[in-house]
Structures are given as C-alpha cells and as structure tokens.
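Heads up, the thing below is written out as structure tokens.
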Amino acid sequence: MTAPLLEVTDLRTHFFTRAGIARAVDGVSFSLAPGEILGLVGESGSGKSVTGFSLIGLVDPPGRIAGGSIRFDGQELVGLSEARMRAIRGKRIAMVFQDPQATLNPVLTIGTQMALALQAHRQAHGRVTDRAAAERAGAMLTRVGIPEAATRLNNYPHEFSGGMRQRVAIAMALLNGPELIVADEPTTALDVSIQAQILAEMKSIARDSGTALIWISHDLATVSSLADRVLVMYAGRIVESGPVGAVLRAPLHPYTRGLLDSLPAMAQPGQRLAQIPGSAPSLLALPAGCPFAPRCAHADAACTTPPPRIDRPGRQALCHHPLDAAA
Ligand SMILES: Nc1ncnc2c1ncn2[C@@H]1O[C@H](COP(=O)(O)OP(=O)(O)O)[C@@H](O)[C@H]1O
Ligand code: SF4
Ligand SMILES: [Mg+2]
C-alpha cells in the first residue's frame with residue numbers, strides 16, 4: 001500500500017460561543033491516498049466546510065481545532081505556525097469555495113491574479129518571468145475549459161459568467177500543481193448542466209495530474225459520479241465511509257439510506273420524494289447517544305448510548321443497527 005497523502009485522526013474543531021460549545025467536527029478520522037477522489041456529503045450544518053477549513057488551517061475564532069491530528073505527506077498540520085501553513089496553503093493544498101468571489105480580487109485582471117499566485121510560491125526559485133506566468137496561466141484556463149484563454153487573461157472577474165468565474169477559481173487552485181484540492185460545493189450555485197460539465201472536467205484534471213481531491217457537497221448524486229470513496233457526515237461525525245459504489249448499492253447507516261431515498265433519481269415518476277423526517281440537529285443540544293436517533297426509523301433503546309463503530313471490508317459505519325444486519 002502506498003503511504004497516505006493525508007491522514008486525519010480524531011479531528012475535533014469546536015466553536016466556543018456564548019450559547020455553548022458547537023462541536024462542528026467531533027472525532028473525524030479518514031485518510032486519503034495520493035490522487036484519490038473523496039466525496040464528503042451531508043446536510044447543511046453537518047460540519048463539511050469546517051472540516052475543509054480545518055485542513056487548510058483557516059478556522060477563525062470563536063472556532064479552533066481542539067484536538068486530533070492532520071498529517072499531510074507525513075507532516076503534522078495541527079499547531080503549525082501560520083507562516084509554515086501559508087507555504088503549504090495554495091501551493092500543496094489548494095481550496096475552491098462555493099463562491100468564487102472568496103478567491104478572486106474584483107479589481108485585478110485574471111492574468112495579474114494568476115501571476116501573483118504563481119510568484120507567491122516561487123521565492124525559492126527566483127522570479128517567474130511575466131511571459132512564463134502568462135503562458136502557464138493561459139494553459140490552465142484552457143485546461144478548465146475557458147475558450148480564448150490568452151485574451152481572457154486581460155479580463156476582470158465580473159466579465160465572466162458565474163460558471164466561467166468558478167472555472168477561473170479552479171484554474172487558480174491548479175496553478176501551483178497542488179497535491180490536494182479541497183473543493184467546497186464549488187458547483188452548487190451553478191446550473192445543473194454546467195455543474196455536470198465542471199464535475200466531469202474536474203475529475204479528468206485530477207486523474208491526469210494525479211491530484212487528490214476532496215469534493216464537499218450536500219448532494220450525494222454529485223459525489224457519486226465523481227468520487228472513489230465517500231464519507232457521510234452527520235452532526236460533526238463521519239457516520240459512514242466506503243467505496244462509492246458499495247455505499248450507494250447497500251448503505252450501512254440509516255442516514256445514508258435516507259439521503260439516497262431523497263434523491264430524485266430514486267423516485268418513481270409522479271411519486272413524492274422520501275425526505276428524511278425532521279431537520280439537522282442543533283449542535284448545542286445533541287441527544288445523548290446517537291445524534292440521528294430522533295429522525296431514525298430504526299432507533300430503539302440501545303440508540304440512547306453512543307453507537308459503536310461497525311467495520312466491514314473497506315467500509316465503516318457508526319450505528320447500533322447497521323442495515324446489513326437487519327433480519
Ligand atoms: N463561525 C461560527 N460560529 C459558530 N458556530 C459555527 C461557525 N461556523 C460553523 N459553526 C458551527 O458548525 C456547524 C457546521 O458548519 P459547516 O461546516 O459550515 O456546515 P456544512 O456541512 O453546511 O458545511 C454549524 O452548524 C455551526 O453550528
Ligand atoms: S444508532 Fe440507532 S438511531 Fe442511530 S442511526 Fe443507528 S439505528 Fe438509527
Ligand atoms: Mg458548507
């Protein structure tokens with residue numbers, strides 16, 4: 001087996017608020033092989049973004065990493081100084097956000113921003129010439145499906161459509177040849193047809209360049225067409241993980257089953273979608289035991305105690321009554 005690129009162990013990222021401690025990420029463990037594509041899914045508020053921000057050291061007060069370990073290529077990132085983290089962020093680990101405005105500067109042309117992003121990580125090798133920077137930037141724009149890239153370098157972010165702007169943000173993320181990209185719902189705000197295009201392109205880019213990808217989405221369907229493995233998150237925990245095909249075919253956790261049943265593709269024409277009853281719990285008032293219990297059709301007295309970790313070959317779940325054990 002190759003050594004993992006990323007190994008997250010018992011990560012806990014908590015927000016210390018006036019109303020109490022929100023344990024947004026509470027004991028998350030997973031690993032990622034070089035070049036692997038991992039989907040991270042769960043309803044809004046389950047802790048997906050906070051997991052992503054934790055990986056790149058961008059958790060702001062009142063939040064902080066309260067425990068656990070994030071090893072990237074053998075190096076511990078938890079507790080790393082901001083100066084050292086900055087050398088990794090954007091270079092070895094890049095992030096793409098739902099809103100490209102979070103990364104794009106409205107008053108600089110795309111070409112200038114891409115040149116700056118290249119320079120920022122090139123101190124060790126001296127300056128990149130303007131021409132070399134423009135060539136690399138243009139090639140990246142072409143790679144993410146932007147036509148007439150050389151001309152488009154002179155444009156400002158607002159001169160691109162929403163879909164094209166997100167492609168620019170993806171090109172920026174790819175610029176320094178990262179080993180890992182964390183993409184946090186980057187296509188959620190876009191048209192379904194554009195989402196599908198970007199998804200397919202992202203997968204081929206990741207495959208071609210050997211870049212590992214963590215693709216965060218509230219939509220299990222999106223992840224299923226893209227990822228090798230999937231992590232299902234609920235109330236700050238990974239409640240199920242495994243190869244995408246196996247998890248979709250036969251989920252172990254009732255929550256994963258619920259997510260699957262609520263996909264439009266699963267419904268018969270004319271039939272109502274089976275929504276998971278209830279809503280995501282407040283992290284400040286989680287029930288004792290399994291946090292999914294109030295919404296779970298399989299809940300019984302056992303579920304008032306913390307669910308055990310169920311191990312199957314290549315797969316795991318946190319549940320007292322995994323679905324493959326049901327009589
Ligand atoms: N700045 C913050 N202050 C307090 N709590 C926060 C903050 N950011 C996130 N949280 C808590 O973390 C939970 C998970 O947030 P997030 O990771 O953004 O969810 P999602 O799965 O939708 O990406 C939120 O429901 C909230 O309880
Ligand atoms: S532990 Fe119990 S309540 Fe939680 S998901 Fe499993 S069966 Fe449902
Ligand atoms: Mg989010």
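All ligand and atom numbering here is 1-based and tracks the order in the structure. Note that this is a predicted model, so its numbers are computed, not measured. Numbers here are sequence positions counted from 1.
Using a 3.5 Å distance cut-off with no hydrogens or angles, the side chains of Arg167 and Gln197 do pair a donor with an acceptor. Ser69 and Glu76 form a side-chain donor-acceptor contact under 3.5 Å, judged by distance and modelled atom types alone. Using modelled atom types and a 3.5 Å distance limit, the side chains of Thr305 and His320 yield a donor-acceptor pair. For Ser49 and Asp184, the side-chain atoms include at least one donor-acceptor pair closer than 3.5 Å. Between the side chains of Tyr234 and Glu43, no donor-acceptor pair is found at a separation under 3.5 Å. Looking at Ser29 and Thr9, their side chains never bring a donor and an acceptor atom within 3.5 Å of each other. For Thr112 and Thr109, the side-chain atoms include at least one donor-acceptor pair closer than 3.5 Å.
Within the structure, the closest approach of Gly42 to ligand 1 does not fall below 4.0 Å when heavy atoms are considered. In this structure, Ser44 has a heavy atom closer than 4.0 Å to ligand 1.
Not one N/O/S atom of Ser44, from backbone or side chain, sits under 2.8 Å from the Mg ion (ligand 3).
Of all the heavy atoms of Glu43, the ones lying under 4.0 Å from any atom of ligand 1 belong exclusively to the backbone. Contact annotation: for Thr17 versus ligand 1, heavy atoms closer than 4.0 Å belong to the side chain alone. When non-hydrogen atoms are compared, ligand 2 lies under 4.0 Å from the side chain of Cys296 (C-beta onward) but not from its backbone. At a 4.0 Å heavy-atom cut-off, ligand 2 touches Pro254 through the side chain alone.
The NE2 atom of His218 sits 10.5 Å away from the CG atom of Leu259 when rounded to the nearest 0.5 Å. Distance CD/Gln166 to CG/Leu104: 8.0 Å, rounded to 0.5 Å.
Against a heavy-atom cut-off of under 4.0 Å, His320 is close to the following atoms of ligand 2: 1 (S), 6 (Fe). The atoms of ligand 2 that sit less than 4.0 Å from any heavy atom of Ala299 are 3 (S). Short contacts between ligand 2 and Phe292, defined as distances under 4.0 Å to a heavy atom of the residue, involve ligand atoms 5 (S). Ligand-side atoms of ligand 2 in range of Ala293: 3 (S), range being under 4.0 angstrom from any heavy atom. Atom numbering of ligand 2 starts at 1 in the shown order; those under 4.0 Å from a heavy atom of Cys303 are 1 (S), 2 (Fe), 3 (S), 7 (S). When each atom of ligand 2 is checked for a heavy atom of His253 under 4.0 Å away, the hits are 5 (S).
In terms of protein heavy atoms, atom 26 (C) of ligand 1 is closest to Leu283 CD1, 4.3 Å. Of all protein heavy atoms, the one lying nearest to atom 8 (N) of ligand 1 is Phe15 CZ, 3.5 Å. Of the protein's non-hydrogen atoms, the one nearest atom 6 (Fe) of ligand 2 is Cys319 SG, 2.2 Å. When hydrogens are left out, the protein atom nearest atom 15 (O) of ligand 1 is Val50 CG2, 3.8 Å; that is the closest non-hydrogen contact. Of all protein heavy atoms, the one lying nearest to atom 18 (O) of ligand 1 is Ser49 CB, 3.6 Å. Considering only non-hydrogen protein atoms, atom 25 (O) of ligand 1 sits nearest to Gly45 O, 3.5 Å. Among protein heavy atoms, the minimum distance from atom 12 (O) of ligand 1 is reached at Ala24 CB, 3.1 Å. Regarding atom 4 (Fe) of ligand 2, its nearest protein heavy-atom neighbour is Cys290 SG, 2.3 Å.
Checking only distances, Gly47 does come within under 3.5 Å of ligand 1, N or O to N or O. Checking only distances, Thr51 never comes within under 3.5 Å of ligand 1, N or O to N or O.
Relative to the ring axis of Tyr255, Arg295 does not place its NZ or CZ within 45° and under 6.0 Å from the centre.
Put simply, the side chain of Leu58 reaches to within 4.5 Å of the side chain of Arg89, judged on heavy atoms.
Screening Ile214, Leu32, Val50 for a side chain to side chain contact (heavy atoms under 4.5 Å, CB included) with Leu55, the sole residue that qualifies is Ile214. Exactly one residue among Arg257, His253, Arg315 makes a side chain to side chain donor-acceptor pair (under 3.5 Å) with Glu240. That residue is Arg315.
A salt bridge links Asp228 with Arg207: the closest approach of a Lys/Arg side-chain nitrogen to an acidic carboxylate oxygen falls below 4.0 angstrom.
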